[in-house]
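Each ligand, and each atom within it, is numbered from 1 in the order the structure gives. In this text, all values refer to a predicted model and were calculated from it rather than measured experimentally.
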Amino acid sequence: MVARVVPVEPFDLVVFGATGDLARRKLIPALYHRLHDGQMPPDARIRGAASSEHSTENYRNIVLEALNEFVGPDALDKDCVDRFLTMIDYHRVDAMSESGWASLLPYKDDGSGRPRVFYLSVAPRFFEPVVTRMSEVGLTEGEPRIVVEKPLGRDLASAHKLNQFLGSKFEERQIYRIDHYLGKETVQNLMALRFANNLFEPLWNAGHVDHVQITVAESVGVEGRGAYYDGIGAMRDMVQNHMLQLLCLIAMEPPANFEPNAVRDEKLKVLRALAPITDADDMVRGQYAAGKGNPSYQEEVDNPTSHTETFVALKTHVSNWRWADVPFYLRTGKRLRARVSEISVTFKAVPHSIFPTAKNGKAGHNVLAIRLQPDEGIRLTMTIKDPGPGGMRLAPAELDMTFADRLQAAKLRMPDAYERLVMDVVRGDQTLFMRGDEVEAAWAWVDPIIAAWEERAEYPPTYDPGSAGPEDALMLMHRDGRRWREIG
Ligand code: BG6
């Protein structure tokens with residue numbers, strides 16, 4: 001059970017692309033968990049829609065398989081599964097023709113005020129055709145909510161065009177742009193840590209912070225997603241969205257309240273204050289080589305001349321009063337040593353040390369490390385006296401605020417990001433969704449970096465699988481007399 005479940009009102013949900021990977025891996029399990037935990041009412045209606053021909057019975061089997069594969073045994077109970085399946089039906093619709101669209105007429109506005117959600121779990125090239133068909137059959141009338149997910153464009157121009165198109169059919173309040181990192185429990189906890197405690201905020205500025213690191217490391221490669229990934233790369237896949245959103249939450253000013261636009265206004269200001277990266281040494285990329293029994297990236301995507309980066313390391317600044325001259329180091333990559341997502345804030349050393357230097361020279365810097373995955377939690381490195389007799393020696397020690405202990409004690413399960421986000425759409429709460437101007441501001445910062453790489457037309461340097469990325473990334477830090485935190 002997840003703590004304190006507040007049920008949502010009955011709703012209608014149409015999932016376009018209902019047989020795809022995202023629907024099977026994430027959406028269906030998320031909806032099931034919400035029913036199981038008592039948050040989703042049994043009279044919600046879920047309709048799967050996709051271009052392939054399936055009977056409802058057939059589709060329910062697909063759903064059942066997805067549940068068996070992606071829902072843990074603790075939550076799988078037959079009674080709940082049966083109830084879940086009866087809430088779901090399936091209709092074939094073809095985004096490129098009129099075929100099947102009449103079957104969605106029951107999902108038109110009936111004046112009851114029941115939330116109607118249309119989830120576009122489809123490739124971006126289908127956004128326009130699906131929304132156009134929706135509008136032709138009247139589904140865009142009333143107050144429907146539409147959910148889209150990245151890639152939201154591949155540069156500023158295409159993102160702007162997409163925003164304009166969506167804006168021609170919907171009001172901004174109806175558009176839910178998912179960045180699933182914002183649905184992660186620890187990411188929300190970061191906001192609680194900053195804005196519900198008075199401990200850190202007075203220190204959260206250039207006067208006290210030495211630097212910030214954001215790492216999203218993955219141990220897997222592109223895993224069969226080569227067709228999507230090649231030509232996209234880590235910058236568009238991870239930095240433009242997830243990494244910059246994390247940076248925003250670290251760097252933003254406290255909003256006046258926790259209302260969607262108040263939060264998003266502050267994030268937007270951060271994106272607009274990001275200093276352009278001009279020094280080539282501050283924008284490192286890499287591509288994984290073959291090794292440890294795995295093919296190289298180029299072999300994996302079957303493109304021996306691919307220039308696509310699977311690793312990025314950047315150094316940037318937020319040009320405002322709070323963060324003047326504080327470096328923000330970002331790093332993300334595939335096939336690295338371990339799967340770790342972590343944000344760390346390293347505070348400045350004490351201005352004057354009255355103690356002998358610590359054995360490893362590390363003592364003196366407090367580091368607040370916010371771990372998104374695995375082992376979600378927050379750890380604060382303090383400097384303490386090395387225990388025992390024998391003089392006043394100092395050593396770093398970690399204060400562990402791992403949530404797993406609390407969750408375990410209360411027998412709670414860490415909900416997946418999509419569980420939270422889908423229920424937020426039903427509730428009409430856009431706080432954890434990106435506004436169109438945020439997406440564009442992120443592209444505006446990312447575009448020149450990609451353009452600089454493209455202009456040089458060089459292959460990204462390769463790095464060994466299981467490493468911490470290319471040598472250049474280590475140098476990026478060493479030049480500043482700093483080092484990356486361990487991936488592991
Ligand atoms: C997705 C990217 O948005 O995020 C993937 O497209 C990446 O390439 C994934 O693997 C990482 O998400 P998570 O939640 O596993 O850290």
Within the structure, is a non-hydrogen atom of H180 found at a distance of less than 4.0 Å from ligand 1?
yes
Got the closest protein heavy atom to atom 3 (O) of ligand 1, with its distance?
H242 NE2, 2.7 Å
Please name the residue in the list F433, F170, Y119 that meets the ring pair (Phe, Tyr, Trp, His ring centres under 6.0 Å) test with Y176.
F433
Taking only heavy atoms of K334, which atoms of ligand 1 are found under 4.0 Å from at least one of them?
5 (C), 7 (C), 8 (O), 10 (O)
Does the plane of the ring in H180 sit parallel, tilted or perpendicular to the ring in Y418? Use 30° and 60° as the thresholds.
parallel
N-O pairing of R371 and E376 below 4.0 Å:
no
Closest to atom 7 (C) of ligand 1 among protein heavy atoms sits E218 OE2, 3.4 Å
Ligand-residue contact atoms, ligand 1 with Q373, heavy atoms, under 4.0 Å
13 (P), 16 (O)
Salt bridge present between E223 and K334 (N-O < 4.0 angstrom):
no
One finds that the ligand 1 atoms under 4.0 Å from a non-hydrogen atom of K150 are 1 (C), 2 (C), 3 (O), 6 (O)
Tell me: protein heavy atom nearest atom 5 (C) of ligand 1, and distance?
R225 NH1, 3.3 Å
Does Y181 have a non-hydrogen atom less than 4.0 Å from ligand 1?
yes
Quick one: do the T215 and E342 side chains pair a donor with an acceptor below 3.5 Å?
no
Hey, is D179 close enough to K150 for a salt bridge, meaning N to O under 4.0 Å?
no
Under 4.0 Å between heavy atoms, the region of R339 that gets near ligand 1 turns out to be side chain
Side-chain donor-acceptor pair present, Y288, D464, cut-off under 3.5 Å:
no
Which atoms of ligand 1 have any heavy atom of K184 under 4.0 Å away?
13 (P), 14 (O), 16 (O)
Determine whether the side chains of D210 and H365 contain a donor N or O and an acceptor N or O closer than 3.5 Å.
no
Counting heavy atoms only, which of V220, T310, D237 is nearest atom 2 (C) of ligand 1?
D237
